Amino acid sequence: KNESKIRGPLSVLEIGVDYGQMKLFCESAKKNKISLKNWDAVDVKIQKKHLSKLGYDNFYEINLESKTFSLNKKYDVIKN
């Protein structure tokens, strides 16, 4: 929370997103609202329709062990 006050809205990348449990958990902590720029998802199989409803912004459907995987932007938080 303090970091988002100092830097402004945070950019988050969630690795192994499944059905969005981490984002839902973070949003359920009403006392600790964090200002977000975006919340992106990486997984081998993206449930895009479901995750879009939860407010995920960008999706990377790829195996992290793949030689072609790379991030096209910088993130303040990377969570797996």
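Heavy-atom basis, side chains included; hydrogens, waters and symmetry copies ignored. What you are looking at is a predicted structure, and each value in this text was computed from that prediction instead of being measured.
The pair Lys37-Asp57 fails the salt-bridge criterion, with no side-chain N (NZ, NE, NH1 or NH2) lying under 4.0 Å from an Asp/Glu carboxylate O.
With Glu61 contributing its side chain and Ile46 its backbone, the two residues share a donor-acceptor pair below 3.5 Å.
Applying the side chain to side chain donor-acceptor pair (under 3.5 Å) rule to Ser66 yields the partners Thr68; only residues at least two apart in sequence or on another chain are considered. For Asn63, the side chain to side chain donor-acceptor pair (under 3.5 Å) test picks out no residue, with sequence neighbours left out. Checked against salt bridge (charged side-chain N to carboxylate O under 4.0 Å, His left out), Lys67 has no partners two or more places apart in sequence or in another chain.
Judged purely by distance below 3.5 Å, without hydrogens or angles, the side chains of Ser11 and Asn38 pair a donor atom with an acceptor atom. A donor-acceptor pair shorter than 3.5 Å cannot be found between the side chains of Asp43 and Tyr60.
Rounded to the nearest 0.5 Å, atoms CG (Asn80) and CG (Leu13) are 9.5 Å apart. Distance check, rounded to the nearest 0.5 Å: NZ of Lys74 to CG of Asp76 gives 11.0 Å.
Counting heavy atoms from C-beta on, the side chains of Ile62 and Val44 never come closer than 4.5 Å. A 4.5 Å side-chain heavy-atom check between Ile15 and Ile78 finds at least one atom pair inside the cut-off. Side chains of Tyr19 and Leu54 form no contact here, defined as non-hydrogen atoms less than 4.5 Å apart. Counting heavy atoms from C-beta outward, Asp40 and Lys73 have side chains that approach closer than 4.5 Å. A heavy-atom distance below 4.5 Å is not found between the side chains of Val17 and Val42.
Nearest heavy-atom pair across Leu51 and Ala41 is CD1-CB, 4.4 Å.
Applying side chain to side chain donor-acceptor pair (under 3.5 Å) to Tyr56 and the options Lys48, Lys23, Glu14 leaves one that passes, Glu14.
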